[in-house]
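Here is the naming used below: chain letters follow the sequence lines, and residue numbers restart at 1 for every chain.
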Amino acid sequence: MLDLKFIRENPEKVKQGIANKNEKDRVDEILQLDKHRRELIAHSEELKAKRNQVSAEIPKLKKAGQDVTEILAEMKKVSDSITELDVKLREVESQLNEILMYIPNLPHESVPVGKSSEENVEVRRWLPEGFSFESENGIKPLDHIELGKKLNILDFERGAKVSGSGFPVYKGKGATLERALINFMLDYHLQHHGYSEIFPPFLVNRDSMRGTGQLPKMEEDMYHIEKDGLYPIPTAEVPITNLHREEVLNEKDLPVKYVGYSACFRREAGSYGKESKGFLRVHQFNKVEMVKFVKPETSYDELELLVKDAEDILQALKIPYRILMLCSGDLSFAAAKCYDIETWSPAENRWLEASSCSNFEDFQARRANIRFRNDQTKKLEYVHTLNGSGLATSRLMVSILENYQTPEGKVIVPPVLQRYTGFNVIG
RNA sequence: GGAGAGGUGGCAGAGUGGUUGAAUGCGGCGGUCUUGAAAACCGUUGAGGAUGCAAGUCCUCCGGGGGUUCGAAUCCCUCCCUCUCCGCCA
């Protein structure tokens with residue numbers, strides 16, 4: 001959520017930022033409601049001040065033996081006017097608030113302006129030693145679906161039977177490899193990057209979904225358990241960021257850094273047909289997520305570090321990847337700046353998004369009311385929140401299986417995972 | 001699922017419908033004392049909003065929402081949450 005005062009004072013800046021995100025702006029509507037709101041407040045408060053003043057007089061007058069019936073009658077009218085004004089005020093405020101909840105965060109000044117993913121900027125890439133985009137023997141590599149079937153480690157058909165399409169089943173060494181990967185990533189962030197581990201709830205309430213910005217805008221993309229008012233999480237970002245909702249953090253504890261595993265559930269409404277085969281687009285997947293709560297002045301440095309933390313995993317696994325800085329038009333609703341990390345898929349012959357690292361500045365903190373006490377000024381300030389996948393296993397698994405396949409159709413387990421799997425090769 | 005208890009400031013914990021934003025204790029901050037520290041003592045210590053260049057003035061907030069009243073932390077209704085016991089259960 002943007003600061004209403006900021007919108008009031010910088011309407012053109014806000015309009016431009018929203019336009020750069022390819023969103024419709026309702027700034028004029030906001031300014032009008034805000035004006036109306038402040039008029040109502042001024043009027044209502046004037047009457048309340050009067051009521052308070054007279055109400056304090058009444059017991060004194062009574063004590064002095066005066067007749068107060070006339071004053072009571074008059075105050076009754078004042079009270080009724082207040083009630084009326086407050087009803088209007090509440091109406092205006094809820095309209096205003098509802099619109100504000102749909103206003104996206106503004107892109108940071110360092111973000112390139114652009115319409116779509118076409119205009120994202122490649123920042124750097126990393127390729128393992130000896131890597132080549134061409135297969136050495138000219139044989140077309142098998143894709144992850146073929147490998148999964150051949151090695152009997154992935155079962156998309158039975159997943160579809162049990163749940164529906166987009167709910168993959170891992171079997172045998174595939175299941176072990178998935179588990180190994182999750183444990184490896186968690187351990188790595190704990191041991192090398194100074195995060196502390198959270199194992200979060202997978203179902204959250206509506207307030208949490210609003211806090212991180214999934215709701216109300218992305219309602220259609222979220223699973224919803226109506227009976228209990230709960231939402232299966234689309235990412236661990238939601239429960240982990242909301243751990244500190246409505247809290248005041250100590251400045252000396254910042255940055256607070258959490259890492260946690262969760263299953264992630266996404267309806268992917270309207271996306272059937274696109275990239276729908278295998279792991280490329282699924283309704284349930286596994287992800288290790290990093291979340292940070294930081295002081296505002298450090299958040300862009302922390303974003304760079306966050307990306308590095310995710311990169312370290314890929315370098316340890318020796319998976320080729322590249323980093324993209326998203327252009328304004330490709331930024332998500334709540335993000336001010338975002339880097340995507342894409343891993344290479346030899347069979348698809350293209351890059352696949354495996355991580356997304358974002359700085360939300362105070363957008364989520366304002367919605368979720370997460371603050372810290374500034375030791376110098378003694379004032380409360382909103383923290384900046386960041387999060388990044390470190391990483392999502394589904395796309396990463398595609399890259400691992402495909403990059404580590406042998407000419408015989410086996411898959412070597414990446415060396416750093418071998419002590420987690422207990423075996424070195426699949427097939 | 002059944003029964004009961006309770007939700008008040010950072011925490012603990014008072015609170016007859018009328019200067020109660022709220023006693024008291026702990027904690028925090030500042031000070032006195034001390035070589036330093038502790039102890040003791042004194043003072044101070046919530047948030048949000050409207051208005052204003054500012055100083056300030058005013059309004060709101062005692063789980064959420066609604067009601068009674070000139071006036072509500074205090075009375076009524078309703079919802080939510082937490083805890084305890086019983087039942088069920090991985």
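- A distance of about 31 Å separates the P atoms of B/U82 and B/G28, rounded to the whole Å.
- Atom name P, nucleotides B/G71 and B/A55: the rounded distance is 34 Å, in whole Å.
- Here A/Ile41 lies in heavy-atom contact (under 4.0 Å) with sugar-phosphate atoms only.
- Among the protein residues, A/Lys5 comes within range of the sugar-phosphate backbone only, with heavy atoms under 4.0 Å from sugar or phosphate atoms but none that close to a base.
- Look at the C1' atom in both B/C89 and B/C75: the space between them is 43 Å, to the nearest Å.
- Atom name P, nucleotides B/G67 and B/U74: the rounded distance is 14 Å, in whole Å.
- Taking the six-membered ring for Trp and the full ring otherwise, A/Phe279 and A/Phe156 have centroids separated by under 6.0 Å.
- Straight-line distance between the C1' atoms of B/G65 and B/G10: roughly 27 Å, to the nearest whole Å.
- Contact annotation for A/Arg206: no contact, since no heavy-atom pair falls under 4.0 Å across all strands.
- Ion pair A/Lys13/A/Glu109 not flagged as a salt bridge, since none of the NZ, NE, NH1 or NH2 atoms sits closer than 4.0 Å to an Asp/Glu carboxylate oxygen.
- B/C58 and B/U35 are spaced 47 Å apart, taking the P atom of each and rounding to whole Å.
- Between A/Arg206 and A/Glu219 a salt bridge is recorded (basic side-chain N to carboxylate O distance below 4.0 Å).
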Output the pairing pattern of RNA chain B as a dot-bracket string, 5' first, Watson-Crick or G-U wobble with both distances under 3.5 Å, | for cross-strand pairs, [ ] for crossing pairs. ((((((((.[[[..)..(.....]]]((((((.......))))))((((((....)))))).[[[[[..)....]]]]])))))))....
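- A nucleotide of RNA chain B counts as in contact with chain A when one of its atoms lies under 4.0 Å from a heavy atom; the first and last such, 5' to 3', are B/G18 to B/G71.
- For the pair A/Asn403 (side chain) and A/Trp344 (backbone), a donor-acceptor distance under 3.5 Å is present.
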